[in-house]
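What follows is a single structure, written as structure tokens, with notes after it.
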Amino acid sequence: MNSPEQPLPTFDEVLLCTPQTSAEQVGLFLRRCLIPCPGGDKIYTMLYADELSYDVSRRAEELFQRLQRYGSSYRLIILCNCERENSYLPSAFSHCKVHMIPQRSRAEMQQYLRRHFRVARPSGSAAAVFKEHVCVGIVSSKRAGMGK
């Protein structure tokens with residue numbers, strides 16, 4: 001986000017982890033991240049890695065240790081809930097932990113995202129529903145089950 005021209009991450013750079021994420025999915029992701037290939041300037045991100053099951057986390061750490069031998073120039077970010085930092089994967093990588101404080105204001109981040117999620121021609125698109133023809137929106141309510 002250093003430049004408004006920088007693109008958002010592509011689908012292969014992000015793994016959104018859940019308790020149902022399989023070891024195979026994590027393995028494929030780590031291979032993309034750690035095995036050198038042309039165009040290796042991507043930044044890979046595992047979101048909610050603390051949600052992975054113990055077995056999947058353990059296998060992911062083992063695979064990471066094996067694949068790390070292929071090269072030392074990789075860019076991997078593992079994001080976790082700070083309340084679950086004692087789960088397996090965050091604990092295994094605790095020696096690499098960095099507490100992050102956003103370097104940009106909330107308004108700057110929103111403007112950056114709005115720019116990248118805006119639909120050029122909203123005709124016939126669901127983006128026409130959202131403000132400023134943005135193709136992504138969050139609808140929330142304090143009351144559950146109210147027809148969101």
Identify the two heavy atoms, one from D50 and one from P90, that lie closest to each other, and give their separation to 0.1 Å.
CB-CG, 4.0 Å

Can you tell me how far apart CZ (R75) and OG1 (T45) are? Round to the nearest 0.5 Å.
10.0 Å

Atom pair NZ/CG of K42 and L76 - distance to nearest 0.5 Å:
14.0 Å

Under 3.5 Å, is there a donor-acceptor pair between the D55 and S53 side chains?
no

Are the side chains of N81 and E51 in contact, using a 4.5 Å heavy-atom criterion?
no

Atom pair OG1 (T18) and CG (L52), whose distance is rounded to the nearest 0.5 Å:
8.0 Å

Can you tell me how far the OH atom of Y44 sits from the CG atom of L30, to the nearest 0.5 Å?
11.0 Å

Within the side chain of R104, is there an N or O that forms a donor-acceptor pair under 3.5 Å with the backbone of M109?
no

Minimum heavy-atom separation for S91 and N86, please, with both atom names.
OG-O, 3.2 Å

Straight-line distance of E13 CD to M46 CE, nearest 0.5 Å:
15.0 Å

NZ/NE/NH1/NH2 to OD/OE distance under 4.0 Å, E62 and R58:
yes

Checking the side chain of R32 only, and the main-chain atoms of D12 only, is there a donor and an acceptor separated by less than 3.5 Å?
yes

Does the separation of the ring centres of F64 and F93 fall below 6.0 angstrom?
yes

With side chains defined as the heavy atoms from C-beta onward, is the minimum distance between E24 and R59 less than 4.5 Å?
yes

What are the two closest heavy atoms between L89 and A49, and how far apart are they?
CD2-CB, 3.9 Å

Would you give the length of the straight line joining atom CD1 of I78 to atom SG of C33, rounded to the nearest 0.5 angstrom?
8.5 Å

Which other residues end up in the same hydrophobic cluster as Y48, if Ile, Leu, Val, Met, Phe, Trp and Tyr are linked when side-chain heavy atoms come under 4.5 Å apart?
V14, L16, I43, L47, I77, L79

Is it the case that more than 12 heavy atoms not belonging to E83 sit under 6.0 Å from its CD atom?
no

So which atom in A60 and which in V26 form the shortest heavy-atom distance, rounded to 0.1 Å?
CB-CG1, 3.5 Å

For V56 versus A23, what's the shortest heavy-atom pair and its separation?
CG2-N, 3.7 Å

When clusters are formed from ILVMFWY side-chain contacts under 4.5 Å, directly or step by step, what else is grouped with Y88?
Y54

